[in-house]
Amino acid sequence: MAMNEPVLSRLVAGLAAGLIRIVDLTQTLSPDFPQIVLPPEMGQAWPFRIEEASRYDARGPGWYWNNFSCSEHTGTHFDAPIHWISGRHLPDNSTDTIPVRKFVAPACVIDCSRDAAADADFLLTVGHVKTWERRHGRVPPGSWVLMRTDWSKRTDPVAYQNIDETGQHTPGPDSEAVRFLVEERQVLGFGSEAIGTDAGQGFHLKPPYPCHYYMHGSGRFGLQCLTNLDLLPPVGAIIIAAPLKIKEGSGSPLRVLALVAEPATKAGARAASKPKSRKRRAPRTKRR
Amino acid sequence: MTRPLVRPARKNPILRTRLPTLPPGLRSRVALGLTAAAARGRFELQVCRDCATVQYPPREACCACLSRRLDWRIVDDGGELVSETTLRHSHELFFRERMPWRLGLVKLDCGPLAVAHLHGDCAPPPSRVRVRLHLDRAGQAALVALPDKDTLHMADDRQLREMTCDPKFRKVLVTDAKTPLGQALVEAVVAAGADLVWAGHAEPWKKPPGFERLASLAEVSLVPLDLTNSRAVTVLAGEIGGRVDILINTADYHRNFGIAARDGVETARAEMDINYFGLLRLAQEFAPAMRARGADGQSSAVAWVNVLSIFALSNFPPHGTYSASKAAALSLAQCLRAELAPSGVRVINVFPGPIDDDWNQTLPPPKIAPARLAADIIAALRSGAEDVYPGDIAQDWLERWRDNPKALERELAALPHQ
Ligand SMILES: [Zn+2]
């Protein structure tokens, strides 16, 4: 305890001084945000829905509140290993049993935004990961790998879903890249800006939905519908991603935050012109 | 010849919107038999089982032999216009506002003498006419005499239009324009002369075949509308609610399961969320403005159409949870009808048999084609009916249900399940 105090004090001081910035990686939970699309005969994930209980009116004169409903996999959300059949027998595989220390972890951000802009079906390969590692170092065990595609900048839900007669077209990792991250790098999980951790055409990969299959089959996690990944450095950010403690939950919508250390010079400049830089960093809210 | 309707001038915003008034209402229970026939668009009068005398107005005992055995039956609707009169004074607010009003005395071929509202194209007496039973704005049955043969622009007759909900020059919201029925209806409403059609569409990222074609129609405006999303319904009502003259609720969630064939309640809940709660959300947000516009000039708010299902009358076990959701919707539609009644806005409930679409794929024919159902809905708007049973299956089930609901229940239970 005595040893911890100075560490946390330094954290608090760093936050207060603007040396540590907090970036919101979360999309707003809104009825207009698209949900995952499955064939209509299958069980469906509920979109986010909200009903007013009262708004300072006859239903409750002095207060405003709502009831909301959604799937465990709506909006920016966390996938637990039990979500996939490959992870169903693992210990501590659901949102209520995962050790909480895993909810705070470092992140490696791989920038695939150019590739994704050129090809909506872009697949991240082992080669891409190794190229990234040559510049930023080996992916440390226990870290999140976040695939930056700038897909979250597609504020039109039609463009975000990007569905045609052959299904969805969104970027994701290929099978070998997932196995490499799981087996060779021992990552904590994989995060994506698109609606799934797997590519839109991931059903046609071997195995189908490899990111779900291998990550969850090895007790790793998923984060999807992330935003603001372009505000993170390739390495060094700390992710706070704690799902709701749903009994036997397969996942949950959650607020995902990133702690980012400011470069010393930038932090100084920021202190000098606080309002301006705060405005620039206001998290983008999506209008859908 | 009826002068064709011209597109109404824009509303003068400094004038108060007229409040709806209604023709005199409240009839005896026996007279409601006439309303029941008019609701289905049938020309039925009481016929004595003992002496075959046709009765009008409705009564408890035969006017010829005093027998109490009077049956409602379809009778010959032909007649002779004996005399006519034009009403220029009335103590009834509804008629005062609509003077002059033509009435005629008709000698029906089936016997009785009756006073009827007279279409403008009826030739001066003596002349041949056809008599219809229409619901008036108060939801009561009224006799309407039409010319013997159809005339040009006959639907545009001022008095007739007071009893119909013709889409011509009206603004129409089709709540789900993506389904085969929704697409067919949008096109049918445009063809019927609607001024503007709002085509509701949920989940814009899903583009069913044919849907993009609708957007190219000049009268069509695509509007986002998902009946599961209360806020979206509220927003759209705020944007267009005050202009909707006819609302056609085509939104439907249909899966084919009974109780045992599907684990859990998710499918049934989704059906209820669209078919029942969706109607409730729509009604809460759109009905108030329509209620206020029941007398808003030539193109007032006139009709609310619910596409229900013949399964609403009696459960079809292979589609058991869907049937239950449609039964719930029917019950709610009756509540809506009661609440809209004072405004004269008619609630038309449509009970089609199985529609020829994906969710009835494995049902044997006959199935009603979406375009045919759309045509029947337009016909219902142009008539004076409020309960419509399109298709052979619907007609057959309705008759069996009216004859003996328990027998129909047993017959449906005995059908081979899918
Ligand atoms: Zn008799």
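Chain identifiers are assigned alphabetically (A, B, ...) following the order of the sequence lines, protein sequences preceding nucleic acid strands; residue numbering begins at 1 within each chain. Predicted model, so just to flag it, every value in this text is computed and none were measured.
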Inset, instruction - Assess whether side-chain contact (heavy atoms from CB on, under 4.5 Å) is satisfied between B:Leu373 and B:Val350, documenting all intermediate values. - result: CA-CA 9 Å; B:Leu373 178 52; B:Val350 184; 4.0 Å; yes
Inset, instruction - Output, in order, the C-alpha distance, side-chain angles, deciding distance and verdict of side chain to side chain donor-acceptor pair (under 3.5 Å) for A:Glu51 and A:Asn66. - result: CA-CA 6 Å; A:Glu51 304 284 351; A:Asn66 302 300; over 6 Å; no
Legend entry - Smallest separation among heavy atoms of A:Asp24 and A:Arg255, with atom names: OD2-NH2, 2.7 Å
Legend entry - Polar side-chain atom of B:Ser323 near backbone of B:Ala312 as donor-acceptor pair, under 3.5 Å: no
Inset, instruction - Could you tell me which residues in residues 201-221 of chain B have at least one non-hydrogen atom under 4.5 Å from a non-hydrogen atom of chain A, sorted by residue number? - result: B:Glu203, B:Pro204, B:Trp205, B:Lys206, B:Lys207
Inset, instruction - For chain B, find which of A:Pro40, A:Gly43, A:Ala159 contributes the most heavy-atom pairs closer than 4.5 angstrom. - result: A:Pro40
Legend entry - Parallel, tilted or perpendicular, as decided by the 30° and 60° cut-offs, for the rings of B:His319 and B:Phe316: tilted
Legend entry - Sub-6.0 Å ring centroid separation between A:Phe68 and A:Phe48: yes
Inset, instruction - Report the relative orientation of the aromatic rings in A:Trp84 and A:His216; use parallel for angles under 30°, tilted for 30 to 60°, perpendicular for over 60°. - result: tilted
Inset, instruction - Begin from the C-alpha positions of A:Phe33 and A:Tyr160 and carry the test ring pair (Phe, Tyr, Trp, His ring centres under 6.0 Å) through to its verdict. - result: CA-CA 10 Å; A:Phe33 193 83; A:Tyr160 185 79; 5.5 Å; yes
Inset, instruction - Answer with side chain, backbone, both or neither: which region of B:Asp226 has an atom nearer than 4.5 Å to a non-hydrogen atom of chain A? - result: side chain
Inset, instruction - Taking atom types as modelled, find out whether A:Arg49 and B:Thr228 have a side-chain donor-acceptor pair closer than 3.5 angstrom. - result: yes
Legend entry - A:Gln35 portion near chain B, given a 4.5 angstrom heavy-atom threshold: both
Inset, instruction - Go through the side-chain N and O atoms of A:Ser252 and A:His73 and say whether any donor and acceptor fall under 3.5 Å apart. - result: no
Legend entry - Toward chain A: residues of residues 266-291 of chain B with heavy atoms under 4.5 Å: B:Glu266, B:Arg269, B:Arg281
Legend entry - Check: A:Gln201 side chain, A:Gln168 main-chain N or O, donor-acceptor pair, under 3.5 Å: yes
